[in-house]
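Order of appearance sets the numbers: ligands from 1, and atoms from 1 within every ligand.
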Amino acid sequence: MQSLQPIQVTNDRYRLGYHVMGPAGWINDPNGFCYFQGYYHIFYQFYPYSAVWGPMHWGHARSKDLVNWETLPIALTPGDPEDRDGCFSGSAIVKDGVLYLIYTGHHYYDGEDNPDHFWQNQNLAYSTDGIHFEKYAHNPIIATAPTDNTQHFRDPKVWQAGNQYYMVLGSQGNNKLGRILLYRSTDLKDWTYVGPIAQAQLGANEGYMWECPDLFTLAGKEVLLTSPQGMVAKNKRFLNLHETGYFIGQLAVEESALKGRSEFQELDHGHDFYATQTTLTPDGRRIVFGWMAMWESKMPEQADGWAGALTLPRELTLKAGHLWMQPVRELRELRLQPVIDRAIQLTQPQSLISTGRQAELVVTLNCATDTQVALRLTVGTARPLVTLTYDATTGQLILNRSDREDARYGVLSVASSTLKLDVFLDTSSLEIFVNDGDVVFTERCYPTQQPHFELSGSAVVDGHVTLYDLAAQTVKYEEDKRC
Ligand code: FRU
């Protein structure tokens with residue numbers, strides 16, 4: 001049998017400048033986000049041999065500052081008896097100076113022809129240097145799903161509270177509804193099933209499978225972040241193939257329940273955001289990464305030998321009943337000289353042109369009650385790649401893309417006479433943070449030449465705009481470390 005060779009990037013026209021990507025090949029979910037021995041570590045679902053999804057490995061990068069990343073050797077490779085057909089998503093935790101990875105082993109039976117013929121278990125690996133990982137000799141740590149579960153049983157997220165470790169797992173009950181299971185352990189190796197803490201209600205449009213759970217406390221409440229599959233689009237919400245969002249409640253471990261859980265709210269309103277994972281920084285901030293893509297979306301970079309990237313790391317806060325997302329403050333280090341920094345009136349449309357393909361646009365506009373604003377990302381005279389409109393009367397934001405039929409929507413939760421946009425442009429992505437992260441849109445977009453912004457509006461009182469060129473190549477890939 002011919003041995004597989006890692007795929008190479010053949011064209012860097014869409015390669016991102018300051019986002020975490022794989023060195024080549026396919027990536028999806030962020031995994032194992034943690035802080036260990038002075039570094040942030042981020043792992044990701046990775047297939048190094050092709051630009052499409054395949055048997056999942058864990059790719060790996062680390063950073064001292066959440067800005068500059070160093071790609072490390074692959075951390076987990078599938079093929080052992082307990083992860084024969086894939087090392088699926090999972091998390092990381094530090095215990096007694098050792099970094100543990102907790103991940104799902106994926107297994108097909110009867111060949112791979114029937115996509116439902118699989119089973120999943122949970123496994124452990126560990127490292128003392130944060131670079132080389134060894135799988136635990138007594139894997140699996142959880143061999144089978146509860147009897148009232150289907151084969152969908154994956155994506156462990158582990159945390160510590162006092163002397164206990166807890167794990168939430170994504171699952172599907174036998175009733176074919178999504179749910180989250182809770183386990184507990186004192187040593188990360190022996191786990192006891194506590195029960196389901198939250199489940200989709202029949203007829204409530206909450207999805208048939210809940211992937212990638214995460215549970216944490218913010219502002220005295222528990223937030224259960226998860227990625228349900230199978231929610232149906234409704235009133236301009238849930239428009240992606242699968243959604244990422246959260247429930248707010250109060251975790252009662254003894255009752256195995258997230259009590260008083262709120263309705264599901266989407267975390268990001270863009271086309272390209274899924275399968276999030278968070279960690280706590282040493283100074284107490286809750287930071288989230290997402291996969292900057294969506295299953296089954298077109299990914300033009302596949303023609304170039306790679307696919308997928310992670311979003312910028314974002315700080316989460318809970319205010320006014322929902323989660324706000326802001327780019328982490330460390331990202332200000334990316335700013336080079338401002339290309340534009342001036343007051344504006346918007347009586348005329350403004351063309352805002354950065355020098356390179358990496359830029360940050362910061363706009364503040366004082367609005368009247370009937371103000372309308374449009375921000376476009378344009379190449380030449382072609383139809384804008386991305387158009388964001390804002391209507392101050394309703395607080396509604398609408399995002400359109402030239403390569404997609406379907407718009408995306410958001411509404412400011414806190415009314416304001418000021419519209420603030422913080423927009424991060426990279427070679428093939430756009431992340432738009434509106435009013436300090438009240439509403440966020442994450443998009444992939446593929447300009448073939450240098451794009452520019454165009455800002456226009458009516459009844460804008462006045463405002464200010466700053467456009468920065470941003471540093472590129474903050475992620476280092478070393479040839480000899482690719483596999
Ligand atoms: C989410 C997901 C996870 C799974 C992984 C496989 O995008 O489907 O549930 O662990 O991707 O790559």
Ring geometry between F43 and F133 (parallel below 30°, tilted from 30 to 60°, perpendicular above 60°): perpendicular

Aromatic ring pairing H106/F118, orientation class (parallel under 30°, perpendicular over 60°, tilted between): tilted

R357/D426 ion pair, N-O < 4.0 Å: no

Please produce the table of protein N or O atoms sitting under 3.5 Å from N or O atoms belonging to ligand 1, one pair a line, distance to 0.1 Å.
from: ligand 1; atom 1: 7 (O); to: D29; atom 2: OD1; distance (Å): 2.7
from: ligand 1; atom 1: 7 (O); to: D29; atom 2: OD2; distance (Å): 3.3
from: ligand 1; atom 1: 7 (O); to: W295; atom 2: NE1; distance (Å): 3.0
from: ligand 1; atom 1: 8 (O); to: E211; atom 2: OE2; distance (Å): 2.8
from: ligand 1; atom 1: 9 (O); to: R154; atom 2: NE; distance (Å): 2.8
from: ligand 1; atom 1: 9 (O); to: D155; atom 2: OD1; distance (Å): 3.4
from: ligand 1; atom 1: 9 (O); to: D155; atom 2: OD2; distance (Å): 2.6
from: ligand 1; atom 1: 9 (O); to: E211; atom 2: OE2; distance (Å): 2.9
from: ligand 1; atom 1: 10 (O); to: S89; atom 2: N; distance (Å): 3.2
from: ligand 1; atom 1: 10 (O); to: D155; atom 2: OD1; distance (Å): 2.6
from: ligand 1; atom 1: 11 (O); to: N28; atom 2: ND2; distance (Å): 3.3
from: ligand 1; atom 1: 11 (O); to: D29; atom 2: OD2; distance (Å): 3.2
from: ligand 1; atom 1: 12 (O); to: N28; atom 2: ND2; distance (Å): 3.1
from: ligand 1; atom 1: 12 (O); to: Q45; atom 2: OE1; distance (Å): 2.8
from: ligand 1; atom 1: 12 (O); to: W53; atom 2: NE1; distance (Å): 3.1

Residue pair Y136 / K189: nearest heavy atoms and the distance that separates them: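 The answer is OH-CD, 3.5 Å.
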
Distance flag, aromatic centroids of W58 and H60, threshold under 6.0 Å: no

L280 side, atom CG; R286 side, atom CZ - distance, nearest 0.5 Å: 4.5 Å

